[in-house]
Amino acid sequence: MSKKLPKRSEDFSLWYNELVKNAGLAENSGVRGCMVIKPYGFAIWELMKEQLDKMFKETGHQNAYFPIFVPKSLFEAEEKNAEGFAKECAVVTHYRLKTDPEDKTKLIVDSDAKLEEELIVRPTSEAIIWNTYKGWIQSYRDLPLLINQWANVVRWEMRTRLFLRTSEFLWQEGHTAHATKQEAVAEAKQMHSVYADFAQNWMAMPVIKGYKSDSERFAGADDTYTIEALMQDGKALQAGTSHFLGQNFAKAFDVEFQTAEGGKEHVWATSWGVSTRLIGGLIMTHSDDEGLVLPPKLAPYQVVIIPFLNKKNEEQNEVLLAKAHEIKKELAKFNIRVQIDTDVTKRPGFKFAEYELKGYPIRMVVGPRDLENNQVEIARRDTKEKFLENLDGIDEKINSLLTQMQDDLFEKATAFRDNHTTEVTTFEEFKEVLETKGGFIAAHWDGTEETEERIKEETKATIRCIPLTAKNEQGTCVYSGKPSARKVLFAKAY
């Protein structure tokens, strides 16, 4: 059995790292800062991807694929974007290796194979995509152009953590072009809402919808909309962003269209994305000291059926397995994902701990006496509640229970978020709450980057967002004492 996890309350970071590894989600690779996503972890990503892709297509988007390499000259075309990502770029300078003449067992870079132009390994794809769109967009009839890409990107991180921050990660990035500013803004807001919908209704992770301050917005954007979640250690997680890019990239790459009136205008743009960091958010929102707690909608297996098998009684085993398959067939009516444990070498206690570690929402145990009584033992992963359930109508009962568990997890996480959102009026209160309680801090801010930076330097807290629900209310900045028009949310963050 896997070793016991550290307690969240004692070392949240160590608990998280050990959980990711012990539950078989991911591990560090032979490339520093990169990860190997193992089958169980990738199954969670596939469920996320499947639902998000469906939501994207329902809103009119199509998938495409663009190169991982971006010519340096294209990358430099939009100055703010280039400057914003410059320190994270991996650069390809040569295209061939050769055998070292002094040591035939080694390969060295062939100096004669230097690229005419250096290539950036994409940290994001705006440059290569907008250079492509220039050839696709000629007329207003070509708009809107609604494209999404599922891909990997590289951002050369110095401090990495599995799923949350790695040098290479998987994500999706939408890039759209529109005829008017109003259409582009509506698109950015629509995708912002799609992300919030997914986070709350599929991940059972409550989020605050808001927009970023000027210093925190995406490099090259006019506005960045964000969904911010709160993890169990009181730190915030930026879970998804949607950007209104204005005409910045259209002008940088000269993407114009002929209007219905015959004139020429630059298009208006958006981009938006979420990544495998969502898996980290899923883990840190719900899991406990025994292992993963997965919302049923995103659990690779929603039910595990464990027959009490006995190596010395094959006849009984056949009966128990037959019943397990019969139950699985019943549950299939509701498309419930089921795994049957057929291993006769492991003890039940070992199996229970393993499935608890992996976060299977429901554990169903079938024993000889259960068959006699037409019942099974049910264990909920989220509450650890155990009870006996009659097998009549078991499909509807389990389907209803999974729905209830999904709702309960969301309500529990929402209660935690609300209990860890604190309004403060003084900087002393601000610092005390940050150190003793954590979570979101709602406070007045004077709107200046200078104040924002000083708060960050002194406390490591940043403005996570200006909530869309923030009311215009005159107040005094928590730091500078200057006038403020609304409260914003601060927190320490991943």
Side-chain angles (χ1 to χ4, degrees), residues 16 44-45 47-49 51-52 54-56 59 163-165 171-174 187-213 216-218 221 223-244 270-287 293-298 406-423 438-443 461-471 486-494:
Y16 173 83
I44 296 173
W45 177 241
L47 288 168
M48 289 181 163
K49 180 179 177 181
Q51 178 58 25
L52 283 166
K54 179 182 177 183
M55 295 169 88
F56 298 158
T59 47
F163 290 119
L164 296 175
R165 196 173 291 278
W171 78 345
Q172 59 73 212
E173 49 181 321
E187 164 76 6
K189 290 181 176 179
Q190 172 186 243
M191 302 318 294
H192 185 217
S193 293
V194 165
Y195 288 153
D197 180 8
F198 175 76
Q200 299 189 150
N201 293 315
W202 287 78
M203 296 178 66
M205 183 175 74
V207 294
I208 301 292
K209 293 174 66 179
Y211 57 96
K212 291 291 191 181
S213 62
E216 291 285 334
R217 71 169 58 131
F218 178 74
D223 275 310
T224 289
Y225 301 94
T226 182
I227 55 172
E228 299 287 329
L230 191 65
M231 305 296 98
Q232 291 181 72
D233 63 345
K235 289 185 178 179
L237 183 79
Q238 178 181 290
T241 49
S242 180
H243 316 290
F244 168 58
T270 79
S271 66
W272 29 274
V274 294
S275 74
T276 38
R277 134 181 296 231
L278 288 180
I279 297 177
L282 195 72
I283 296 165
M284 294 192 294
T285 298
H286 304 297
S287 301
V293 175
L294 296 175
K297 287 185 178 181
L298 294 177
Q406 183 83 24
D407 294 342
D408 288 351
L409 284 171
F410 179 72
E411 289 179 10
K412 182 181 178 182
T414 301
F416 178 87
R417 192 269 314 275
D418 292 346
N419 290 333
H420 289 79
T421 300
T422 309
E423 292 192 9
F440 288 127
I441 298 177
T462 55
I463 296 176
R464 301 318 306 155
C465 71
I466 302 165
L468 296 184
T469 56
K471 299 176 182 177
R486 68 181 67 85
K487 290 174 182 173
V488 301
L489 283 186
F490 290 86
K492 291 184 178 179
Y494 284 95

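This chain uses plain numbering: 1 for the first residue, then up along the sequence. Fair warning: this is a prediction, and the values are worked out from it, not measured in the lab. All values below come from the heavy atoms of this structure, side chains included, with hydrogens, waters and symmetry mates left out.
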Check: Does the side chain of Leu237 reach to within under 4.5 Å of the side chain of Leu164, using non-hydrogen atoms?
Finding: yes
Next item on the list: State, to 0.1 Å, how close Ala204 and Ala413 come at their nearest heavy-atom pair, and which atoms those are.
Entry: O-CB, 3.9 Å
Next item on the list: Identify, with sequence neighbours excluded, every residue that meets side chain to side chain donor-acceptor pair (under 3.5 Å) alongside Ser193.
Entry: Lys209
Notebook entry, point to check: Do Phe163 and Ile44 have side-chain heavy atoms sitting under 4.5 Å apart?
Noted result: no
Item checked: Non-hydrogen atoms of Val274 and Gly240 that approach each other most closely -> CG1-CA, 3.7 Å
Check: Just how far is it from atom CG of Asp418 to atom CZ of Phe440, taken to the nearest 0.5 Å?
Finding: 10.5 Å
Check: Which atom names give the shortest non-hydrogen contact between Arg464 and Phe490, and what distance separates them?
Finding: CG-C, 4.2 Å
Next item on the list: Measure the spacing between CG of Leu282 and CG of Leu47 and express it to the nearest 0.5 Å.
Entry: 10.5 Å
Notebook entry, point to check: Would you say Leu409 and Pro296 make side-chain contact, with heavy atoms under 4.5 Å?
Noted result: yes
Notebook entry, point to check: Between the main-chain N or O of Ser287 and the side-chain N or O of Gln232, is there a donor-acceptor pair closer than 3.5 Å?
Noted result: yes
Next item on the list: Find out whether Ile208 and Arg417 are in side-chain contact, i.e. whether some heavy atom of one side chain is under 4.5 Å from a heavy atom of the other.
Entry: yes
Next item on the list: Could you tell me whether a side-chain N or O of His192 sits under 3.5 Å from a main-chain N or O of Thr226, the two making a donor and an acceptor?
Entry: yes
Notebook entry, point to check: How far apart are the closest heavy atoms of Lys212 and Ile463, and which atoms are they?
Noted result: NZ-O, 4.5 Å
Next item on the list: Taking all heavy atoms of Pro467 and all of Val488, pick out the closest pair and write down the distance.
Entry: CD-CA, 4.2 Å
Check: Just by modelled atom types, is the Phe218 backbone N or O under 3.5 Å from a matching donor or acceptor in the Thr224 side chain?
Finding: yes
Next item on the list: Flag the pair Met48 / Phe198 as yes when at least one side-chain heavy-atom distance between them is below 4.5 Å, and no otherwise.
Entry: yes
Notebook entry, point to check: Quick one: NZ on Lys412 to CG on Asp407, what's the gap to the nearest 0.5 Å?
Noted result: 15.0 Å
Margin query: side-chain contact (heavy atoms from CB on, under 4.5 Å) for Phe410 and Gln406? Distances and angles first, verdict last.
Written below: CA-CA 7 Å; Phe410 179 72; Gln406 183 83 24; over 6 Å; no
Next item on the list: Quick one: pull up CD in Gln238 and OG1 in Thr462 and give me the separation to the nearest 0.5 Å.
Entry: 9.0 Å
Margin query: A side-chain contact here means heavy atoms from C-beta on lying under 4.5 Å apart; do Thr270 and His243 qualify?
Written below: no
Item checked: From OG (Ser242) to OH (Tyr211), nearest 0.5 Å -> 15.0 Å
Margin query: Checking the side chain of His286 only, and the main-chain atoms of Met203 only, is there a donor and an acceptor separated by less than 3.5 Å?
Written below: yes
Checklist line | Test item: Ile283 and Tyr16 side chains (from C-beta on) under 4.5 Å apart, heavy atoms | finding: yes
Margin query: Aromatic contact between Trp272 and Phe244, with the criterion being ring centroids under 6.0 Å apart: yes or no?
Written below: no
Next item on the list: Please report the closest heavy-atom contact between Gln190 and Thr59, naming both atoms and the distance.
Entry: OE1-CG2, 3.7 Å
Checklist line | Derivation of the side-chain contact (heavy atoms from CB on, under 4.5 Å) call for Lys189 and Tyr225 | finding: CA-CA 7 Å; Lys189 290 181 176 179; Tyr225 301 94; 3.4 Å; yes
Next item on the list: Evaluate the criterion side-chain contact (heavy atoms from CB on, under 4.5 Å) for residue pair Met205 and Gln200; output intermediate values, then yes/no.
Entry: CA-CA 5 Å; Met205 183 175 74; Gln200 299 189 150; over 6 Å; no
Next item on the list: Check step by step if side-chain contact (heavy atoms from CB on, under 4.5 Å) holds for Leu489 and Glu228.
Entry: CA-CA 10 Å; Leu489 283 186; Glu228 299 287 329; over 6 Å; no
Checklist line | Value rounded to 0.5 Å, distance of CZ in Arg486 from OG1 in Thr469 | finding: 11.5 Å
